[in-house]
Protein chains: 2
Amino acid sequence: MPAFQTARGMRDLLPEEAERLNYIICKARETAQYYGYREVITPVVEPYELLSAKSGEEIRSRMFTFKDLGDRTVALRPEFTASIARLATKALKNEPKPLRIFSVGSVYRYDEPQRGRYREFWQSNFELMGSNRPEADAETILLTNSLIKATGLRNYSFKIGHIGVIREILSQENVDEKAQNAILQLMDKKEYGKAFRLIKQEKCRKTLQGLLELNGNTAFETVEKIKKHVAGYEKAVAAAENLLGILQLVTESGCPIETVEPVFARGLEYYTGLVFEVYVPELDTALGGGGRYDRLIEVFGGEPTPAVGVAHGLDRIALAMQTQTTALSPRRDKRAVVIPVKQELKAEALKISQMLREAGVSVEFEVMGRKMAKALEDADRRKVDFAVIVGEKELKEGAVVVRDMMKHEQTTIEIGRLTEKIRGKDE
Amino acid sequence: MPAFQTARGMRDLLPEEAERLNYIICKARETAQYYGYREVITPVVEPYELLSAKSGEEIRSRMFTFKDLGDRTVALRPEFTASIARLATKALKNEPKPLRIFSVGSVYRYDEPQRGRYREFWQSNFELMGSNRPEADAETILLTNSLIKATGLRNYSFKIGHIGVIREILSQENVDEKAQNAILQLMDKKEYGKAFRLIKQEKCRKTLQGLLELNGNTAFETVEKIKKHVAGYEKAVAAAENLLGILQLVTESGCPIETVEPVFARGLEYYTGLVFEVYVPELDTALGGGGRYDRLIEVFGGEPTPAVGVAHGLDRIALAMQTQTTALSPRRDKRAVVIPVKQELKAEALKISQMLREAGVSVEFEVMGRKMAKALEDADRRKVDFAVIVGEKELKEGAVVVRDMMKHEQTTIEIGRLTEKIRGKDE
C-alpha cells in the first residue's frame, strides 16, 4: 500500500501548528469586532471570470483553475477581494455605507513551495467600502497594527506608499491604464530598469527615477520631499498630500510608521491610492498588506464606490511568532483523565466524565481498558493535571480518588466537590 | 459588465448566517476540548488516490477532481477521514494511543443543490483511534449529544445500528467484501429488493429480510430481538452484543437512544461496526453521523488500528437552528460609533477610538465626514449602543459627549471614565 502524501505545496497542520493558526484567526476575529467589521463566508470555489476580472496576469496564471462536472470553468480563490466585491454589488448593495466586511479562510496560489510559502495559505481580510477619506485608509493600517500587536509579535514595522503618485504622473503624460499596470507590475518586482524603459516621455521617466532615490530622515520628511519632487504634476501632489494626511492620522493614533517608499507598487492591479505592508525583521516577506482601490467595485458592476482594504498572511504571522518564539495564550484550562478501576464501573465513570465536561473540564476517558498503573503512566505522558480514579469502595460513599499528576498527591473526594477541586486549580 | 454569481451549488454566507455557522464551529471546538480531542488542519486539496482509496463509488463520482498545473490529479476533499487516516499513519504514527483528533472546515461534493444541501458544506469531524472497546463507540455518540445540546437544538434523537450484524452474516455465507459493499450501498439507499436479489443463499437472505422487519418497544428490546434473530451466525450475535454494550453505556451517561435500526447501512464503505445518526423532526437529513471503521488505517498503510469517528453537518445544524428559531449566545458586547464634531478633531477622535477598542469595545469610526445629524441617524440605523461625540469645547476639559442611543440620553463625561461608562452597561 502506498505511503500517502499531501499534494505538492499543501501541508497538514499538526495540533501545535493548528493551535497557533487558530489563535491568530481568533485575534483577527476580535480585531474585526473591535473595529466594527461584520464577518461573511464566501466560497473557496468561484467562477473563473469573477476571480480573473481584476486580479492581474501574475495571479491569474497561478490560479488553480478547472472545469466542474457541469463544464463550467471555476477556480480556487487566490484572495478574497473579488468575492467581497460581488457581495458589495449584489447581496449587500443596499446596506448603508460605510460597509465594513471581514473574512478569514484559506486561499490558493500555484507558487513554488518554499519556507513560509504554500499553495494553500490562510488570510484574514478587511474591506472598508464607501469612504474616500484618509481616516478610512488610516483605519486599515490601525487595525493591522492592533492585530499584529495582539499576536504578541515584536519589532514589526510598516512600509507605506501611494500608487496615486505614480499613476497620476503617468496619466498626466497620457500613459494609458494598461501600460500603467505593466509598469507597476515591473516596479513591484523591483525591475525598475525594465519599467523605466517602457516610459517614452523623458520628463516623466526622470521624475520617476528621481522619486526612486528620494529618502528622508523621517516618514514625514520623505513625504514632504515627494511632494516637492512631483511639483508640476498637480494630481500627484494631491496624492502626496493624501499620503501625508493618512500618515498624520495613524501616527497620532499611536502607530508609528518607519518607512515611506516613494515608488511602491503592490502585486494586485486594482490599487489606486495608499498601499502599505507590515514586516518583522526576521522575515523577508510581508505579514500583510493592503491599500485603496477606488474603481474595483465598478468593475464588478456596482455603483462607483471608494474602498480600502487589507489582507494578512496568517501563515507568515504564525512563522514570525515561531521565529520570535512568541507564546500563545497565558494559561490553559484544566485537563483530567477518568479511569474506572474495573470494567463494571465504566458507566459510572462515564457519568462522572460527563459531569466534569459540562462544567468545562477537558476529560479524556480511559477507552483502552488498561490496568491502573498503565493508564496512569499514559496520563503522565499526556501531561494532564488530574487523574480521577473511580473505584467501588469510594463510589459506595459517593466519592472518587483524585490524583494531582503534578504534585503526585492522591486524595479521596466527594463527587459533588470534584468539579470545584479540579477547576479550583485555575485560580 | 456582468452581474457576477457564485458558482453553481456554492453560496455566500452573509453576516447573520456566518455568525450562526461560526457559533456552531465554536461549540464543536469546545466539545473537542471537553472530550480531549486535539485539532489538526488538513488541506482542502488532496491527491485523488488518497480520497478515492476507501470512500465508495458513490462519493468518488461526485468529487471535484482536476489536474493541477504539474499534471497531478487532485480533488477537493469530500470528507475528513482519509486525511486524518494519513496523519495517523505518518505524522502522528508514534503518538500514544488512544489518539483523539478533531477537524472542522469545508468539504466538497458535486450534488444537485437543494434545501440544506450545497456543493461546499461544513463539517466538524472527530476521530478516536486505537480502541476497539464499546466505551470508545459510546464516546462518539456522547460527544455528538454534547455538541447538539450546546447549539440549543430541541427534540433531536439518535438512530443507531451495527454494520457488523449484516457483514458477519454475509461473511459466514461466504459473500466477499466487494459484494458486501454493493449490498450495503443498496441498503443505504433503501433499495432493499435490489439488495436482497444480490444474495444467492436463501437462509442468509431470509435472515436479513427478517431483520428488516424487527421492531421492539424500546431500543434495548430491539437489540435483544436482533440477537435472537441472528442466532446461529455466531459473529453476528457478538456484533449485537457489542451494540447492546454501547447502548447501555450511552443510556446510563444521560443520552437516551430512541431508535435501533436492525438494517442500517451508511454511505461510506469503510464502516465495520457501530453506525449512528442524529436527527431533528424538522429535517429529513441527518445532522451528523458516524461509526466504527476498524480496517481503514490499514488501507492507508498503517498498523491495524481500531477506530471510531463521527462527522457533523454544520450547515444542517444551522438550518435546524433556523427552523427551530434557536437563539445564539444570550448577549453581545457593546458597540459604539465615534464622531468628531469637525475635521480638525479626527486624530483626537481616532485616539479615543483606539482606547475603547483596546478595552474591548466595538467601535465604528465615522469615516464618511458626515455632519453630526446624518452620522447620528446612521448610528441609529446600525443599532449601536452609544455614540461618542468628540467636540472642541469638551475636549479642552478632557471630556467627550456620550449619547445613549437606546435611551436617547446625552451626557458629558471625562475621557478617563468613558470605557467604564460604555462597558458598564454590560452588567
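Naming: A, B, ... by sequence-line order, numbering from 1 per chain.
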Quick check on the interface: out of A:Ile101, A:Val384, A:Val361, A:Thr251, who has the most heavy-atom pairs with chain B under 4.5 Å?
A:Val361

Just give me the residue among A:Thr42, A:Val74, A:Leu142 that pairs up with chain B most often, heavy atom to heavy atom, under 4.5 Å.
A:Leu142

Would you mind checking which part of A:Leu356 comes under 4.5 Å of any heavy atom in chain B, side chain (CB onward), backbone (N, CA, C, O), both or neither?
neither

Would you compute the distance between atom CD1 of B:Ile339 and atom NZ of B:Lys374 and round it to the nearest 0.5 angstrom?
13.0 Å

Set out, in order, the CA-CA distance, both residues' side-chain angles and the distance that settles side-chain hydrogen bond (donor to acceptor under 3.5 Å, both in side chains) for B:Glu30 and B:Tyr35, then state yes or no.
CA-CA 9 Å; B:Glu30 276 173 25; B:Tyr35 282 78; over 6 Å; no

Decide yes or no on side-chain hydrogen bond (donor to acceptor under 3.5 Å, both in side chains) for B:Gln343 and B:Lys346, but give the supporting numbers first.
CA-CA 5 Å; B:Gln343 286 303 303; B:Lys346 271 192 303 200; 3.2 Å; yes

Does any heavy atom of chain A fall under 4.5 Å from the side chain of B:Leu92, the backbone, both, or neither of them?
side chain

Whatever's closer than 4.5 Å to a heavy atom in chain B on A:Tyr108 counts as side chain

Give the minimum heavy-atom separation between A:Phe300 and A:Ala85, together with the two atoms involved.
CD1-CB, 3.4 Å

Pair A:Glu17 + A:Arg20: basic N to acidic O under 4.0 Å:
no

Shortest non-hydrogen contact from A:Arg100 toward A:Leu128:
CG-CD1, 3.6 Å

Select, from B:Val250, B:Thr65, B:Val45, the one with the greatest count of heavy-atom pairs under 4.5 Å involving chain A.
B:Val45

Okay, A:Arg11 and chain B: the region with an atom under 4.5 Å from a heavy atom over there is backbone

A:Gln33 versus chain B, the contacting section by heavy-atom distance below 4.5 Å
both

Nearest heavy-atom contact between A:Arg382 and B:Pro96 is NH2-O, 3.3 Å

With a 4.5 angstrom heavy-atom cut-off, could you sort out which part of A:Leu76 is near chain B: side chain, backbone, both or neither?
side chain

Could you look at B:Leu87 and say if it's the side chain, the backbone, both or neither that has a heavy atom under 4.5 Å from chain A?
side chain

Counting heavy atoms not belonging to B:Arg295, are there more than 12 under 6.0 Å from its CZ?
no

Please state whether the side chain, the backbone, both or neither of B:Val44 comes within less than 4.5 Å of a heavy atom of chain A.
both

Fit a plane to each ring of A:Phe64 and B:Phe66, take the angle between them on a 0 to 90° scale, and name the class: parallel (under 30°), tilted (30 to 60°) or perpendicular (over 60°).
perpendicular

Please look at B:Thr89 and chain A and tell me whether the side chain, the backbone, both or neither of the residue comes under 4.5 angstrom of a heavy atom of that chain.
neither

Of the backbone (N, CA, C, O) and the side chain (C-beta and beyond), which part of B:Ser146 lies under 4.5 Å from a heavy atom of chain A, both, or neither?
side chain

Side-chain contact test, heavy atoms from C-beta onward, threshold under 4.5 Å: evaluate it for A:Glu364 versus A:Asp378 and give yes or no.
no

Non-hydrogen atoms of B:Ser353 and B:Phe365 that approach each other most closely
OG-CD1, 3.2 Å

Whether B:Glu39 side chain and B:Ile41 backbone form a donor-acceptor pair below 3.5 Å
no

Please determine, among B:Arg86, B:Arg8, B:Glu120, B:Arg38, the option with the most heavy-atom pairs under 4.5 Å with chain A.
B:Arg86

Quick check on A:Glu139 against chain B: is it the side chain, the backbone, both or neither that has a heavy atom closer than 4.5 Å?
side chain

Given a strict heavy-atom distance threshold of 4.5 Å, which part of A:Glu252 is in contact with chain B: side chain, backbone, both, or neither?
both

Greatest number of non-hydrogen atom pairs under 4.5 angstrom with chain A, of B:Ala91, B:Gly36, B:Ala349, B:Ser106, falls to B:Gly36

Most contacts with chain A, counted as non-hydrogen pairs under 4.5 angstrom, among B:Gly254, B:Gly360, B:Ala82
B:Gly360

Turns out that what part of B:Ile352 lies under 4.5 Å from chain A's heavy atoms comes down to neither

Interface moiety of B:Tyr110 toward chain A, non-hydrogen atoms closer than 4.5 Å
side chain

Taking the side chain as everything from C-beta on, heavy atoms only, tell me whether A:Asp68 gets closer than 4.5 Å to B:Met10.
no

Smallest heavy-atom separation, A:Arg335 atom then A:Lys383 atom, equals NH1-O, 3.8 Å

Within 6.0 angstrom of B:Lys351 NZ, more than 12 heavy atoms from elsewhere:
yes

Heavy-atom proximity to chain A below 4.5 Å, by part of B:Val363:
both

Choice from A:Pro98, A:Ala7, A:Ser131 maximising heavy atom contacts with chain B below 4.5 Å
A:Pro98

Checking B:Asn22 against chain A: side chain, backbone, both or neither under 4.5 Å from a heavy atom?
side chain

Does any backbone or side-chain atom of A:Val337 lie under 4.5 Å from a heavy atom of chain B? Answer side chain, backbone, both or neither.
neither

So which residue, A:Thr31, A:Asp12, A:Asn145, ends up with the most heavy-atom pairs under 4.5 Å with chain B?
A:Asp12

Check whether A:Pro306 gets within reach of chain B through its side chain, its backbone, both or neither, counting any heavy atom under 4.5 Å.
neither

If you count heavy-atom pairs under 4.5 Å between each of B:Ala18, B:Pro134, B:Ala336 and chain A, which one has the most?
B:Ala18

Using heavy-atom distances under 4.5 Å, tell me whether A:Glu49 contacts chain B through its side chain, its backbone, both, or neither.
both

Return the option, out of B:Leu350, B:Leu50, B:Leu69, B:Leu249, with the maximum number of heavy-atom pairs under 4.5 Å with chain A.
B:Leu69

Under the side-chain contact (heavy atoms from CB on, under 4.5 Å) rule, what do B:Glu46 and A:Phe4 come out as? Steps first, then yes or no, please.
CA-CA 10 Å; B:Glu46 291 277 18; A:Phe4 290 102; over 6 Å; no

Under a 4.5 Å heavy-atom cut-off, does chain A meet the side chain of B:Lys97, its backbone, both or neither?
both

Beyond-backbone contact of A:Pro340 with A:Glu366, side-chain heavy atoms, under 4.5 angstrom
yes

